[in-house]
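Single-structure report; data block below.
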Protein chains: 2
Amino acid sequence: MRERPSRTSPYSVDVVLVTAMGNELAILLTRGSTERERWALPWRAPQTGETLEAAAIRVAEHALGESPIWTEQIGAFGDAKRHPSESEISIAFVGLVPHETASPTAGYTWFPMRDLPPLSPRQRAIVEAATRTIQSRLDQAPIAFRLLPSTFTLSELQQVYELLLGKRLHKASFRRALQAAWLVEPTDEWRSEGRGRPAQLYRYAPKKRRRPHRGVRFDFLFP
Amino acid sequence: MRERPSRTSPYSVDVVLVTAMGNELAILLTRGSTERERWALPWRAPQTGETLEAAAIRVAEHALGESPIWTEQIGAFGDAKRHPSESEISIAFVGLVPHETASPTAGYTWFPMRDLPPLSPRQRAIVEAATRTIQSRLDQAPIAFRLLPSTFTLSELQQVYELLLGKRLHKASFRRALQAAWLVEPTDEWRSEGRGRPAQLYRYAPKKRRRPHRGVRFDFLFP
DNA sequence: GCGAATTAGTCACCTTTTGTGACTAAAGTC
DNA sequence: GACTTTAGTCACAAAAGGTGACTAATTCGC
């Protein structure tokens, strides 16, 4: 099932598989067989007739035995940076995987994002772009909800958001915005997690559409 | 200078060149030489050692004699849709060009976005993605300002925003947000455009950085 | 058993942002 | 001079967002 690197393949599909591992984000890496001691993103030379996204999903299935709960293309990366596959360009995807159900198959290991081994320049650029892609999609798609089990506490949800956004959020603001969006509904279960007061469990149950009703923003970062 | 279509090329760089033509957005198309009566996006089979973005800029220079004022990669498009170049995948770029200075070379024509000729399915998908890319970048980069001459009236600027966003904006809100962002400064010139009161001319002169200071948003379009 | 510590959940207050109609100003048209 | 047209500004209300402080329910140490 493991495809061999085809040195003549003009492009590869590289996938950044991201999970919330405890208190940190982690991505899946594999030891590059073609290169000495280097770690690399899972990748694949897509077969003809195969959709790019389908190729990305197959990479994930091969590495984890499961498909991601959300996938998005990051873009094409060429720019004369070396790549393990020696392909000219990489079409990069990002995929999110709940950590509970995702157990890497042989040869794949989770690495915390804050402490990655050396990667090829191109793949490092891909990982950085993956972070930006996740963050910019976070308010447009319910990707954080699917990183959690089907029921979860609001504190857990907030922790996932803080992890993905890379910043702390105020509890009251977070819950107020969540309520206004009609995205979750409470179950009648509670979970006592050791110390403090037990938390009510919620499930993702979106109820109403948001009106995309806003004017312009001028949020330029560099003038 | 016109590169010939290489049938063995594994991928092509396709460019959506967008301009504000009077009251409408327009994109540049060329008559596909390999296909009977079809129009197509300008494209190029990139040379080895050439950056993807450099290839896109060269496409623009070849078609317009000028490089775009803003360029961004849209992504890679494969998905078994036919393409004039018969390449397996297209790396798509979007580029913005001021209409005043951009005169197409032979074989290239501006088409209003609302009335495009039939394109290949893949290129139609690329054009739609280009629109989304522009709209999502509009509040993060000063691309609207560079579509205009160096001095412009605030009404002209608002019209460009309305064109790119595809929706009307309220005059007072637009100007209030613009002032808060410290992006323009008035000149001491005025322009009388026929009918009503003359408008003051402004120039793009960004002064201060915005704080990326905001909580979460739950703006999902489909639950 | 009891107070301290810890986590969950909510409220109230205030500031900022945003939508919007109405207003004044300066030009042309008739 | 009255009317039309475009520019530019104001002020009010509503909505969104930041924040500290409060109550509630549990465990831990003693």
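Just so it is clear: chains get the letters A, B, ... in the order the sequence lines come, proteins before strands, and each one is counted from 1.
- OP1 or OP2 of D/dG8 lies within a sub-4.0 Å distance of a side-chain N or O belonging to B/R175.
- Take the nearest nucleotide of DNA chain C for A/P198 and for A/H170: the residue whose nucleotide is more 5' is A/P198.
- B/R176 has no side-chain polar atom (N or O) that falls below the 4.0 Å cut-off from OP1 or OP2 of C/dT17.
- If you check the side chains of B/R122 and B/S90, you find a donor sitting under 3.5 Å from an acceptor.
- Toward the 5' end of DNA chain D, the nearer of the two residues B/W190 and B/R217, judged by each one's closest nucleotide, is B/W190.
- Note on A/Q200: only backbone sugar-phosphate atoms sit closer than 4.0 angstrom, heavy atoms only; bases stay farther off.
- Under the 4.0 Å criterion applied to side-chain N and carboxylate O atoms, B/E189 and B/R203 are not assigned as salt-bridge partners.
- Taking the six-membered ring wherever Trp is involved, the centroid distance between the rings of B/Y202 and B/F145 does not fall below 6.0 Å.
- Using a 3.5 Å distance cut-off with no hydrogens or angles, the side chains of A/E66 and A/T101 do pair a donor with an acceptor.
- Checking the phosphate oxygens (OP1, OP2) of D/dT26, no side-chain nitrogen or oxygen of A/S192 falls inside 4.0 Å.
- Heavy-atom nearest nucleotides on DNA chain D were determined for B/V216 and for B/L201, and the one closer to the 5' end corresponds to B/L201.
- Counting non-hydrogen atoms under 4.0 angstrom, B/R191 reaches nothing in the nucleic acid.
- Residue B/S173 is in base contact, counting any heavy-atom pair closer than 4.0 Å across all strands shown.
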